[in-house]
Amino acid sequence: MKKILIPEQGINVLFGTYDENIKYLESLFDVKVSVRGNGLMLDGGESDIAVVEKILLDFSALIDEGKVISSHELKQAFKQIADDRAFSLREYFSQLHYFNPTGKKVVTARSANQRRYIEAIATNDLVFGIGPAGTGKTYLAVAMAVQALWTKRVNRIVLCRPAVEAGEKLGFLPGDLQDKVDPYLRPLYDALFDLADYEKVSRLLEKRIIEIAPLAFMRGRTLADSFIILDEAQNTTTEQMKMFLTRLGFGSKAVITGDVTQIDLPSGRRSGLVEAQQVLARVPGISMVYFSEKDVVRHHLVQLIIKAYDESAKLKF
């Protein structure tokens with residue numbers, strides 16, 4: 001049994017509506033939390049009690065410091081600590097508003113892997129984010145790119161995707177070449193406009209300070225002082241991946257994202273992303289972050305759908 005004193009003004013936030021926060025904490029750890037007088041009693045496994053005790057002590061200290069904490073933030077923090085016990089509640093709230101590059105929208109890590117991804121991008125010049133759809137790989141990379149541009153750590157942003165046909169032929173799409181490839185690049189535009197003011201992003205696009213283009217347009221270029229993102233990299237060939245990786249110039253940072261379970265390359269062509277995982281695994285200065293269905297931040301059904309497909313794939317082999 002362990003007793004922890006909690007500031008009176010923090011009790012309602014800690015427990016939440018119908019005690020949902022405490023029940024969620026108990027579901028993540030082998031601990032039972034009960035109220036005794038002016039404190040909380042912890043009962044359960046020794047290692048879990050130690051983690052929950054640290055959570056509650058950090059919570060008490062933050063409340064005493066005047067920190068305003070919502071139930072949603074608290075549950076997000078509980079989940080990340082359960083996934084990575086070396087992480088703390090104080091660290092979570094100190095990093096909570098890390099992304100606010102334009103003032104339009106605050107972006108936060110919603111899982112331990114998202115936090116590792118953010119940290120990897122901040123500390124490495126080349127980062128791979130690999131995992132299923134909906135895990136925030138592209139969105140967080142764009143947020144980091146916008147932040148780097150707004151804080152003048154880079155002079156430009158370059159976002160690109162391979163224009164691989166997935167069931168529809170480019171030739172049948174209406175318009176000129178740009179009109180034909182724009183649908184493939186639309187998710188990158190969506191992320192940009194969601195993060196920053198529409199008019200400002202439009203001006204930066206006109207001035208080519210922000211550039212969105214098919215991967216093929218990168219050939220022959222060297223990009224210095226740039227933040228470069230290659231999205232949907234599972235649809236690159238070996239040659240395209242090598243070409244992209246060798247575009248990196250001085251003062252630049254590159255992030256490569258992809259989902260190796262959704263490769264649309266013609267039969268017999270090996271994915272450049274799959275090969276790069278093996279070839280570059282031990283190269284210093286390169287970080288590879290892997291996401292799973294647990295990191296999905298879309299509709300809760302997306303997580304279940306990904307899990308169902310993964311289990312189905314395992315049964316086939």
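Note: hydrogens, waters and symmetry copies are ignored here, and every other heavy atom, side chains too, is used. Every value quoted in this text rests on a predicted model; they were computed, and no experiment measured them.
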Legend entry - Exercise: identify the closest heavy-atom pair between L192 and V201: O-CG2, 4.1 Å

Inset, instruction - Please assess L62 against E65 for the test side chain to side chain contact (heavy atoms under 4.5 Å, CB included), listing each intermediate value before the final yes or no. - result: CA-CA 5 Å; L62 289 166; E65 292 165 14; 4.0 Å; yes

Legend entry - Within-4.5 Å side-chain heavy-atom neighbours: R153 and F227: no

Inset, instruction - Find out whether L42 and L56 are in side-chain contact, i.e. whether some heavy atom of one side chain is under 4.5 Å from a heavy atom of the other. - result: yes

Inset, instruction - For the residue pair L245 and L280, establish whether any side-chain heavy-atom pair is separated by less than 4.5 Å. - result: yes

Inset, instruction - State yes or no: do F250 and V158 share one hydrophobic cluster built from I, L, V, M, F, W and Y residues joined by side-chain heavy-atom distances below 4.5 Å, directly or via other members? - result: no

Inset, instruction - Using modelled atom types only, decide if a donor and an acceptor are shared between the side chain of T135 and the backbone of V296 within a distance under 3.5 Å. - result: no

Inset, instruction - Determine whether I130 and V289 make a side-chain contact, defined as any pair of heavy atoms from C-beta on separated by less than 4.5 Å. - result: no

Inset, instruction - Would you check if K75 and N21 make a side-chain contact, meaning some heavy-atom pair closer than 4.5 Å? - result: yes

Inset, instruction - Taking only Lys NZ, Arg NE, NH1 and NH2, and the carboxylate oxygens of Asp or Glu, determine whether D83 and K294 approach each other closer than 4.0 Å. - result: no

Legend entry - G39 to L5 - nearest heavy-atom pair and separation: CA-CD2, 4.1 Å

Inset, instruction - Would you confirm whether K137, through its side chain, and G131, through its main-chain N or O, come within 3.5 Å as a donor-acceptor pair? - result: yes

Inset, instruction - Answer whether the closest heavy-atom distance between the side chains of I209 and I157 falls below 4.5 Å. - result: no

Inset, instruction - Give a yes or no answer on whether the side chain of N235 reaches the backbone of D264 with a donor-acceptor pair at less than 3.5 Å. - result: yes

Inset, instruction - Evaluate the side chain to side chain contact (heavy atoms under 4.5 Å, CB included) criterion for residues L205 and Y189: first the C-alpha distance (whole Å), next the side-chain angles of each, then the deciding distance (0.1 Å), finally the verdict. - result: CA-CA 10 Å; L205 285 166; Y189 285 104; 4.0 Å; yes

Legend entry - Distance-minimising heavy-atom pair for E293 and P132: N-CG, 4.1 Å

Inset, instruction - Give the C-alpha distance, both sets of side-chain angles, the deciding distance and a yes or no for side chain to side chain contact (heavy atoms under 4.5 Å, CB included) between F29 and I55. - result: CA-CA 12 Å; F29 300 94; I55 290 172; 4.1 Å; yes

Inset, instruction - Provide the closest heavy-atom pair for A82 versus L28 in the form atom of the first, atom of the second, distance. - result: CB-CB, 4.0 Å

Legend entry - CZ on F128 to CG on L230, rounded to 0.5 Å: 8.5 Å

Inset, instruction - Please indicate whether E239 has more than 12 foreign heavy atoms, meaning atoms of other residues, nucleotides or ligands, lying under 6.0 Å from its CD. - result: yes

Legend entry - Steps toward side chain to side chain contact (heavy atoms under 4.5 Å, CB included) verdict (I256, T236): CA-CA 11 Å; I256 298 167; T236 61; over 6 Å; no

Inset, instruction - Please say whether more than 12 non-hydrogen atoms of neighbouring residues, nucleotides or ligands are located less than 6.0 Å from CD in Q9. - result: yes

Legend entry - Closest non-hydrogen atom pair between L188 and C160, with its separation: CD1-N, 4.0 Å

Inset, instruction - Dump the intermediate steps for side-chain hydrogen bond (donor to acceptor under 3.5 Å, both in side chains) on Q262 and Y309, then the final yes or no. - result: CA-CA 11 Å; Q262 295 193 34; Y309 270 97; over 6 Å; no

Inset, instruction - Step through the shown structure and confirm whether more than 12 heavy atoms of other residues, nucleotides or ligands are within 6.0 Å of CZ on R269. - result: no

Inset, instruction - Taking atom CD of E46 as the centre, report whether more than 12 heavy atoms of other residues, nucleotides or ligands fall under 6.0 Å from it. - result: no

Inset, instruction - Return yes if a side-chain donor-acceptor contact under 3.5 Å exists between D295 and Y117, otherwise no. - result: no

Legend entry - Charged tip of R247 within 45° of F244 ring normal and under 6.0 Å: no

Inset, instruction - Check I49 against V31 and note the closest heavy-atom contact, atom names and distance. - result: N-CG2, 3.7 Å

Inset, instruction - Working to the nearest 0.5 Å, report the span between CZ of R161 and OG1 of T138. - result: 6.5 Å

Legend entry - Pair D43 + K32: basic N to acidic O under 4.0 Å: no

Legend entry - Shared hydrophobic cluster for F15 and V68 (ILVMFWY, side-chain gaps under 4.5 Å): no

Inset, instruction - Would you check if the side chain of Q80 reaches a backbone N or O of A109 as a donor-acceptor pair within less than 3.5 Å? - result: yes

Inset, instruction - Report the distance from atom CG of L89 to atom CG of L57, rounding to the nearest 0.5 Å. - result: 10.5 Å

Legend entry - Under 3.5 Å donor-acceptor, N124 side chain and V127 backbone: no

Legend entry - Side-chain donor or acceptor of S226 paired with backbone N/O of I228 under 3.5 Å: no

Inset, instruction - Measure the CG-CG distance between D225 and N155 for me, rounded to the nearest 0.5 Å. - result: 5.0 Å

Legend entry - Interatomic spacing from CD in E26 to CG in D48 - rounded to 0.5 Å: 12.0 Å

Legend entry - Hydrophobic cluster identity match, Y18 and L14, side-chain contacts under 4.5 Å: no

Legend entry - Rounded distance (nearest 0.5 Å) linking atom OH of Y24 with atom CD of Q76: 7.5 Å

Inset, instruction - Report yes if some heavy atom in the side chain of I81 is under 4.5 Å from a heavy atom in the side chain of K54; otherwise report no. - result: no

Inset, instruction - Please check if atom CZ in R85 has more than 12 non-hydrogen atoms from other residues, nucleotides or ligands closer than 6.0 Å. - result: yes

Inset, instruction - Give a yes or no on whether the backbone of D190 and the side-chain of D194 come within a donor-acceptor separation of less than 3.5 Å. - result: no

Inset, instruction - Taking atom types as modelled, find out whether Q234 and E232 have a side-chain donor-acceptor pair closer than 3.5 angstrom. - result: yes

Legend entry - Donor + acceptor pair across side chains of S111, Q114 (<3.5 Å): no

Inset, instruction - State whether the side chain of S252 and the backbone N or O of L223 hold a donor-acceptor pair below 3.5 Å, judged by distance alone. - result: yes

Inset, instruction - Determine yes or no for a side-chain-to-main-chain donor-acceptor pair under 3.5 angstrom, with S312 supplying the side chain and A308 the backbone. - result: no

Inset, instruction - Please check if any side-chain donor atom of S88 sits under 3.5 Å from a side-chain acceptor atom of R90, or the reverse. - result: no

Inset, instruction - Decide yes or no for E211 and M218: does some side-chain heavy atom of the first lie under 4.5 Å from some side-chain heavy atom of the second? - result: yes

Inset, instruction - For atom CZ of R221, decide whether the heavy atoms of other residues, nucleotides or ligands shown that lie under 6.0 angstrom number more than 12. - result: yes

